[in-house]
Structures are given as C-alpha cells and as structure tokens.
There are 2 protein chains.
Amino acid sequence: MTGTVPSRHQDIADDLRSQITTGRIQPGERLPSEADLADRYKVSTVTLRRALAVLQGEGLVEKIHGKGNFVRRPHRKIMYVGGWGTLDPWTAAEAALRVTVRSTTVQAYGHLTTLLNVPVGSPLAEFSCASHAGESPHGLARIYIPRDLAPVGDLDDASSCWEAATRFAVLSPAPAAVRETACARAPTPDEASALRIGHAAPVLGITRVATDVTGRIVEAALLVFPGDRVDAVFATHHMTQERQIQA
Amino acid sequence: MTGTVPSRHQDIADDLRSQITTGRIQPGERLPSEADLADRYKVSTVTLRRALAVLQGEGLVEKIHGKGNFVRRPHRKIMYVGGWGTLDPWTAAEAALRVTVRSTTVQAYGHLTTLLNVPVGSPLAEFSCASHAGESPHGLARIYIPRDLAPVGDLDDASSCWEAATRFAVLSPAPAAVRETACARAPTPDEASALRIGHAAPVLGITRVATDVTGRIVEAALLVFPGDRVDAVFATHHMTQERQIQA
DNA sequence: CAGTGGTCTAGACCACGCG
DNA sequence: GCGTGGTCTAGACCACTGT
C-alpha cells in the first residue's frame, strides 16, 4: 500500500475534476473566481491555485489572466501519423484547421547544421507554421529545407506558403526515408504562450528528418503539439513475408 | 519585444541552471538547503521552491525528501526505437540496465478490452516491469498478453520473467504489425514516485499494440519514460522503388 | 534528536481585461 | 475603476532521513 498523503490541493483538484468530467461544469464555462473557490473550500488562495495548476497540467482548465479559469473543450485527441504520410495526419479535424505560415531564408547554425547535415551558414528556407483548430492553437512547426531544394523566387508567395502548409501535414514528394524522434518536455515560454497552455503542461515534440534516395536530407521539421491534444501514431507493417529490414 | 515579466523565481532558476550547466555545481552534488538558498537569494522559501520546481521540471534537479536537492546526472538521452525491434532499443545503456518484473493474471477490464480487442473478463497475463539504469529508474512497462498466448504454467518462473524483460525491449517473435502511439503527459502520482520525478515533469507514454498475421492482437504494452531521459525514434524506409502506398 | 523537504496560511502588491 | 489572475512574503506545522 503506497501511503497516499492526503494533500488539500489534490483533494480540491479531484473534486473540481469530477465536477468537470461529469458535466456539472460545462466546457467553455468559467469557474468561480479563485477567491470564491478558496473561500468555498476554506483554503488559502495559494492552495487553491495549486489545485488549479494540477487541472491545468491535465489540460482540463485554461487560465486567462484578468478573465478567469475556463473549462477547456473536451479532448478530441488528434492523431499525428508518422511515416511518409499515406494517411492524412489531420483526418479528424482536417476541415476545421487553419494554418498560418511565415517563411524566410536563414543560414544554418547550431544544431540545424547537424540535423540537416549541411555546413554552417548554408542557406535554408525556413517555414514557421501555426495551425489553429477554431479558436485554440493546436500545433507549431518549423520546417527547414535546403534553399536549393525549395521553390525558387519569393518564399512568401502563395504557392510556397501553400506548399509549406501542406508539408506541415503530409510529405508530398515521398522521400526515401523518414526518421521521426518524439519527445515529451515542458514547453518553452514562447511555445507556452503560442499554444495557450501553461508552463507546466507537457508538449509532444517531434523532429522529422526526411531523406531522398541518395541519402541527402531534404527536410527537417520541428513540430510541437500540446500533449493533451495530440497523440502520435506510428505503424509498422510487416509487409508480406520476404521483407525484414536489417538482418 | 515580448515583455519579459520579471519573476524572481525564474531569475533564481536561471542562476542555478547556469551554475549547474557550467559545472560549478557537479552532477550528484547536493545543493545548499532550501532555507540557505532562500536566505542567500533573499526570498521566501516558497519562492525558492518554485525556482527549484522549474529545474526539477527540466530534469536538472532531483529532490529527495529529508535529504536535499541533488543535481541529476547529465541527460544521456536513451532512444526507444519503434517498429518491430530490429535494433536493440536500449543500445546506449544496454549493459547497465536492470529490469525487475512482477507478473500476474488479470481479467480484462475497461480500456484494456478495447486495446486488446477481447471481451470483458478475458484472462490476460500481466507483466509489470521497471527498468533501472544504475541508481535511477528509467522506464516502466505494463505488458498484457492474452493468457492462452502466454507461457503456460507459473508466470513468475524464471523463463517467463526473462521473456517479459526481453519483451520490454524487443519484440522477439516479430509480429505482423506494430502500432505505437506516443503521447506527452504529466505522470500519475504512482509513476512520479516510481520514476523519482516531480509531478510536473512530463513523461513520454507509448502504447504499443502488436498484431499477428491473422489480425489478432498478441500484445499490448503500456510504456512510460521520463521525458528528459528518453526519446522515441521511428524510422520509415521507403523500400526499393515499386512500393508507394496510395497514389 | 536535528536537519531536511512538503504543505499550508493570511495578507500584500502587481499586471491584465473590460466596461 | 473594478474584478480577475500572478507573484511574493513570513511564518507555522507536518513528514521523512539520518544519527
């Protein structure tokens, strides 16, 4: 028996959680003010805020400075599908997705050079994407492509942006190989504000590196998603019989 | 310019972080007591503890009740390799890994039934695994196998345990297909204490479902890793040429 | 026992959003 | 301006680890 230490803020979090999951407090609804809640539960505001922090970490509550605490819309978890994009990654919410793109040309630096395996200072096209599903932001992406492989001309024209937005979801010219690395971490302050999540809410980071048949890296994408909003799915089919990678 | 909000605990976290990363405080070393630090930085203990919480969330500091705050060993990030295990998942630390296994028979319930696609109450072999790399715990796994596919006889005998421990890392009888779902989330209280991480430190959860050629699910594994200790890698090779799924 | 972290309080002050 | 959340304080008390 693992001795569960009764902690007041956990109890309160549990209570509020059940009120949310049972629907007694509706999604989108505002909770009573922290002062009111602290009063109701007979605790100090600090303790009450700790309870809310728990729920925020679980993605149940969104705090908005100056306005209040709001119950988040139910987690319709969206799937990011790994591999080379045979399935549309955004199937579930495809229609409701709005993607904004900003593109520039940068020079390779730091770990970008190792990621893309290019020399320092090498020109890269950078696409910064943010996708929103309705109100709430739902994914960030920074995609880097060697400049000579990117569309010529103005990177900010319509077609380039469209391509980037598409790339965010699907790898259109199927590369020879894709290597994806997934990690769970806390968001950077930038990411936290861009995704409208708390500093404590975990994010799912995916680094995707695509290679062509010659082994050249044709794209590196750094994707970030709120942990409570998206899962990443990777399927490995064993083909018919003869194929078995390595050995 | 995004107005940086000066917050004392962040400043302190920054200061301590730099002292750690520059090696002024060595890995494994104990920090001064919270009271001392609070005194040194001229803040209240609460504020100082918030600073430490930040570092704990980043995996830089490990708190041990009654003993102190310790600098964690550097993050040698370990790779979990997706797919059906052609590469050893624990390459990096294989030698140093110690795995403990506890096995029982349970009846399918809740979402286990949907995961394994078996009726409620269906007998399952459950293997609870914990892997330790030296001192620090480094991964948890709960593996479920339909009872009739599991080794007959005592589940707790040596061979069964060995098999489970192996399964934790590699899928030995290569299944026809493997589907892995990765998510970033906060740890449950159990997981937090088992992994010796804070409630705020994100974990990487991987749900692995393996299917045989007939489409039957032969294994479901729920894996949990500290987010700062392991990344998951998924590689998709595009085979030779003829194969291109979907248009 | 002394020393450590863990939780909580009551109240202060600041920063944001909105009328 | 008012009501909201965000940060901080000084001090209390409890729980765990060692001797």
Side-chain angles (χ1 to χ4, degrees), chain A residues 1-16 28-57 60-72 135 189 192-193 196-201, chain B residues 1-16 25 28-57 60-72 135 187 189 192-193 196-201:
Chain A
M1 205 68 47
T2 308
T4 301
V5 178
S7 88
R8 197 75 186 90
H9 72 263
Q10 276 295 354
D11 294 346
I12 297 173
D14 292 347
D15 186 47
L16 289 174
E29 197 174 333
R30 209 205 79 175
L31 299 174
S33 78
E34 299 185 346
D36 285 356
L37 287 172
D39 199 51
R40 168 127 56 97
Y41 286 110
K42 300 290 202 352
V43 294
S44 72
T45 62
V46 190
T47 303
L48 185 111
R49 285 172 56 72
R50 278 229 251 166
L52 289 179
V54 171
L55 300 178
Q56 195 187 8
L60 287 174
V61 165
E62 177 177 1
K63 319 198 71 160
I64 303 184
H65 193 157
K67 295 185 68 176
N69 294 277
F70 297 82
V71 177
R72 274 181 105 187
E135 270 304 292
S193 64
R196 297 282 230 96
I197 59 177
H199 309 289
Chain B
M1 205 70 45
T2 307
T4 301
V5 180
S7 91
R8 198 75 186 90
H9 72 263
Q10 276 295 354
D11 294 347
I12 297 173
D14 292 346
D15 186 47
L16 288 175
I25 311 180
E29 197 174 333
R30 209 205 79 173
L31 298 175
S33 78
E34 300 186 347
D36 285 356
L37 287 172
D39 198 52
R40 168 126 57 99
Y41 286 109
K42 299 291 206 345
V43 294
S44 70
T45 63
V46 187
T47 302
L48 186 113
R49 284 173 56 72
R50 278 231 250 164
L52 289 178
V54 171
L55 299 178
Q56 195 186 7
L60 287 174
V61 164
E62 178 177 1
K63 321 198 69 160
I64 303 183
H65 194 156
K67 295 186 71 176
N69 294 277
F70 296 83
V71 178
R72 274 181 106 188
E135 271 303 292
S193 64
R196 297 285 229 95
I197 58 178
H199 308 287

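Chain A is the first sequence line, chain B the second, and so forth, proteins listed ahead of strands; every chain is numbered from 1.
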Can you name the salt bridge (Lys or Arg N to Asp or Glu O under 4.0 Å) partners of B:R50, sequence neighbours left out?
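Not a single residue meets the salt bridge (Lys or Arg N to Asp or Glu O under 4.0 Å) criterion with B:R50.
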
Taking only residues two or more places apart in sequence or in another chain, which ones pass salt bridge (Lys or Arg N to Asp or Glu O under 4.0 Å) with B:D14?
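B:D14 satisfies salt bridge (Lys or Arg N to Asp or Glu O under 4.0 Å) with B:R17 only.
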
Measure from [atom1] on [X] to [atom2] on [N] and round the result to the nearest Å.
{"X": "B:L37", "N": "C:dT4", "atom1": "CG", "atom2": "P", "answer": "11 Å"}
{"X": "B:E62", "N": "C:dG6", "atom1": "CD", "atom2": "P", "answer": "11 Å"}
{"X": "B:R30", "N": "D:dT17", "atom1": "CZ", "atom2": "P", "answer": "15 Å"}
{"X": "A:Q10", "N": "C:dC8", "atom1": "CD", "atom2": "C1'", "answer": "14 Å"}

So, using side-chain contact (heavy atoms from CB on, under 4.5 Å) as the criterion, who are the partners of [X] when residues are at least two apart?
{"X": "A:E34", "answer": "A:L48, A:R49, A:L52, A:K63, A:N69"}
{"X": "A:D36", "answer": "A:P32, A:S33"}
{"X": "A:D39", "answer": "none"}

Tell me which residues in residues 63-71 of chain A lie within less than 4.0 Å of DNA chain C, going by non-hydrogen atoms.
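Correct list: A:H65, A:G66, A:K67.
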
Stepwise, does the side-chain hydrogen bond (donor to acceptor under 3.5 Å, both in side chains) test hold for B:Y41 with B:D11?
CA-CA 10 Å; B:Y41 286 109; B:D11 294 347; over 6 Å; no

Tell me whether the side-chain N/O atoms of B:H9 come closer than 4.0 Å to OP1 or OP2 in D:dC8.
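So the side-chain polar atoms of B:H9 do come within 4.0 Å of the phosphate oxygens OP1 or OP2 of D:dC8, strictly under.
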
Let's see if you get this right: which residues in residues 38-57 of chain A place a heavy atom under 4.0 Å from DNA chain D?
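By residue number: A:V46, A:R49.
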
Under the side-chain hydrogen bond (donor to acceptor under 3.5 Å, both in side chains) test, which residues partner A:T45, sequence neighbours left out?
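Counting only residues at least two positions away or on another chain, A:T45 forms no side-chain hydrogen bond (donor to acceptor under 3.5 Å, both in side chains).
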
Quick check: closest heavy atoms across B:V54 and B:Q10, and the distance to 0.1 Å?
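Here B:V54 and B:Q10 meet closest at CG2-NE2, 4.1 Å.
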
